[in-house]
Amino acid sequence: MVQEQDQQAVETVEARPGESCADALSRGLSKKRFKQVVAARCGETTLDLTTTVPDGCAVLTPVYASSPQGLEIIRHSAAHVMAQAVKTLFPEARVTIGPAIENGFYYDFDFERPFTPEDLEAIEERMRAIVARDEPFTRREVSKAEAVALFNEMGETYKAEIMDDLGGERFTLYGQGDFMDLCRGPHVPSTRFVAAFKLLSVAGAYWRGDENNRMLQRIYGTAFADAKALAAHLAHIEEAKRRDHRKLGPQLDLFSFHEEGGAGMVYWHPKGALVRTILEDFVTREMLRRGYGIVRTPQLLKRELWETSGHYANYRENMYFTQIDETAYGVKPMNCVAHMLIYNSSLKSYRDLPVRYFELGVVHRHEKSGVLHGLLRVRQFTQDDAHIICRPDQLLDEIKGVMTWIQDLMGLFGFECAMEISTRPEKSIGSDEDWERATAALMDAMAEMGLPYAINEGDGAFYGPKIDVKLRDCLGRMWQCSTIQVDFTLPERFDLVYIGQDGEKHRPVMVHRAIMGSVERFIGILVEQFAGAFPTWLAPVQARVLTVTDDQKAFAETALAALQDSGVRAEADLRNEKLGYKVREAQVAKVPYILVVGDKEVEAGGVSVRLRGEDRGFKTLAEVAEMIREDCREPFKRGGMRYSFGS
Ligand SMILES: [Zn+2]
Ligand SMILES: [Zn+2]
């Protein structure tokens, strides 16, 4: 009977008044399953196992350790255990808050200096001792005055402030061993449930995220239901570190950042700039093929235009301003306004629409220095931006066209996409009717293409609703890149019109769309997706010719010239070094084709090919060039796309 229950994964258990949640669940579940339970749920309320079953609660749902909610409870409880360990090692440290976050937890401490890696080890050791003692988490409810008095006595000065923020007169305190904390709960029953934990890093964090406040020391950690899941997660973190574009970028000589030149601005080196050029060249050709016109517009536009567009009122804090003579200018954070001026430079008829303007537009946005992150979050970046200005009856097809391009481009790199439609935010312009029309158009397009989507309530742009596309990379991480935004408002503000079939003026609709989003960010994601080993069509160096001895130098130079002539991006390593050493260097540089020339190869008039570590044997130079060309063409067979660079 018990075994049968195990297989059926019992979802609810009958509860009796007056008993504890633990008693109810242990009665209703097998011993084996009950051991995996960390909390109980009654309707929407999650309860500690030690809690008495609330009045009117007839059934309880077990919360298992490995469920998303169970993991959150384990991680949050681990934060308490970590705070307990920190307080025993460093009694002068003051505790603030310690929430569970995605994939882990943190706790912020007010401490005189940053914690060192040695400190983290010592804290982990104390945590292991606490886990081994299996100390129960106990809960009690007290008045605010009592809580304040208790924390003040302990020298914990932050807790009173937190209670003021939370409001209310009754608070719950949780304790384990000699540690006590203010918390809403719930927690695991005892410390043995947080056995599979690991502390990961330390970072500074301002109290309440405000840079005018005191700098706290934040310790990050993670915890899982068991050691196996923890080990898998730690391996995943290592793999992500190995792929980190901030490490690979300089290592592969792609780009660098220079504080003396300004934070959040990228310097592209020849190889990185070449990758960018190839990518932008491909995208530009595809835009032409898909009916877009290429435009170029200025960096600075008069402030009045930003006032008309609403950016000055709604987006000013993210913009840079300057003055030329007596006139105020704003550095463009978006290209929309400039594209509308182009549209308005001539009168359009219904037959001229849709108009599609594409620009690799350089924009500047003021991001706080604390959030800048390699190529992923910068202050100056290039959008693959376009604005489609169309008749309302064309909107659906235009959105579908954009979605097709998203699918083609993302498919090229092996990304899966997840889509979200974001609706009207609190801070917004435009009428209710406009918002409803625009939102409906996005939903209809998705429905007609059979694409699933989630709704992101209140997360739209201030001028219209949008579809956001998130990529899933090979490590399962999600990246926000593409966005399609319908806008009924800016055409109004800039008085965009077209002459309809009736000879009257009509208002067109505008679609803002960026597919890679930021070219900088997209390349950062690509570096991580491919761990620096770009597909051959995108690799800055596709082939490197290596000599075995100086005897093959002349032939190698001829071979290099022949490959370059046939459009291959090739270089040669003719140094008087051991072949093994030169091969390793080429591999570290992630060159896909390593072409070795020894006496035998010279005699036969070709090279020995190694493709990403795999021996492909002897090939003539013409064969190598064709092999590389085919390798470049292969990913483009979808959607009638063509690889064009260098051939
Ligand atoms: Zn807690
Ligand atoms: Zn725009």
Side-chain angles (χ1 to χ4, degrees), residues 38-39 46-48 50-51 69 72-84 95-101 105-108 136-141 147 159 162 166 171-176 179-191 193-194 223 292 295 297 301 305-306 309-311 314-315 318 332-343 355-363 365 382-389 398 402 438 460-467 482-491 493-494 496 508-515 517-518:
V38 292
T46 309
L47 304 158
D48 294 306
T50 49
T51 314
Q69 198 187 3
E72 194 185 325
I73 293 169
I74 287 173
R75 288 166 184 163
H76 171 70
S77 303
H80 280 262
V81 171
M82 179 170 78
Q84 181 184 4
V95 295
T96 64
I97 54 159
I101 51 173
F105 63 87
Y106 69 78
Y107 209 116
D108 284 347
F137 276 84
T138 57
R139 176 185 189 275
R140 68 184 164 118
E141 219 183 287
K159 295 292 175 181
I162 295 170
L166 291 170
F171 289 91
T172 49
L173 303 178
Y174 278 85
Q176 81 277 13
F179 181 75
M180 196 258 294
D181 207 344
L182 174 79
C183 194
R184 211 173 47 221
H187 300 94
V188 295
S190 65
T191 55
F193 285 85
V194 300
Y292 288 76
V295 297
T297 60
L301 282 78
L305 285 182
W306 301 115
S309 69
H311 285 88
N314 292 282
Y315 200 71
N318 295 87
K332 69 174 175 186
M334 293 163 189
N335 307 295
C336 340
V337 171
H339 291 188
M340 286 187 289
L341 296 189
I342 296 179
Y343 179 88
V355 164
R356 307 184 189 99
Y357 296 136
F358 173 76
E359 179 172 12
L360 285 166
V362 177
V363 295
R365 294 181 188 175
T382 307
Q383 289 182 302
D384 61 327
D385 201 9
H387 293 93
I388 299 168
I389 299 161
E398 289 305 311
V402 175
F462 71 84
Y463 46 77
K466 57 178 183 170
I467 298 177
S482 319
T483 175
I484 306 175
Q485 307 179 352
V486 181
D487 187 345
F488 288 102
T489 306
L490 281 180
R493 292 191 163 217
F494 282 83
L496 305 190
V509 182
M510 183 153 89
V511 178
H512 311 249
R513 46 113 290 186
I515 308 310
S518 145

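Counting starts at 1 for both ligands and their atoms, following the listed order. The residues of the chain are indexed from 1 along the displayed sequence.
Using a distance-only test at 3.5 Å, with no hydrogens or angles considered, no donor-acceptor pair links the side chain of Asp487 to the main chain of Met510. Side chain of Ser482 to backbone of Ile515: a donor-acceptor contact under 3.5 angstrom is found. For Ser77 (side chain) and Ile73 (main-chain N/O), a donor-acceptor pair under 3.5 Å exists by modelled atom type. Distance alone, capped at 3.5 Å, places no donor-acceptor pair between the Gln485 side chain and the Ile467 backbone. In this structure, the side chain of Arg365 engages the main chain of Pro333 through a donor-acceptor pair within 3.5 Å.
Within the protein, the N, O or S atoms lying under 2.8 Å from the Zn ion (ligand 1) are His76 NE2, His80 NE2, Cys183 SG, His187 NE2.
By the 6.0 Å contact criterion, CD on Glu72 is open, its count of non-hydrogen atoms from other residues, nucleotides or ligands being 12 or less.
Between His187 and Tyr174, the ring center distance clears the sub-6.0 Å criterion.
Around the Zn ion (ligand 2), protein N, O or S atoms at a distance under 2.8 Å total 3; waters are neither shown nor counted.
Heavy atoms only, all atoms of each residue included: Val486 and Ala438 are closest at CG1-CB, 3.6 Å. Here the closest heavy-atom approach between residue Lys332 and residue Val362 is recorded as CE-O, 3.3 Å.
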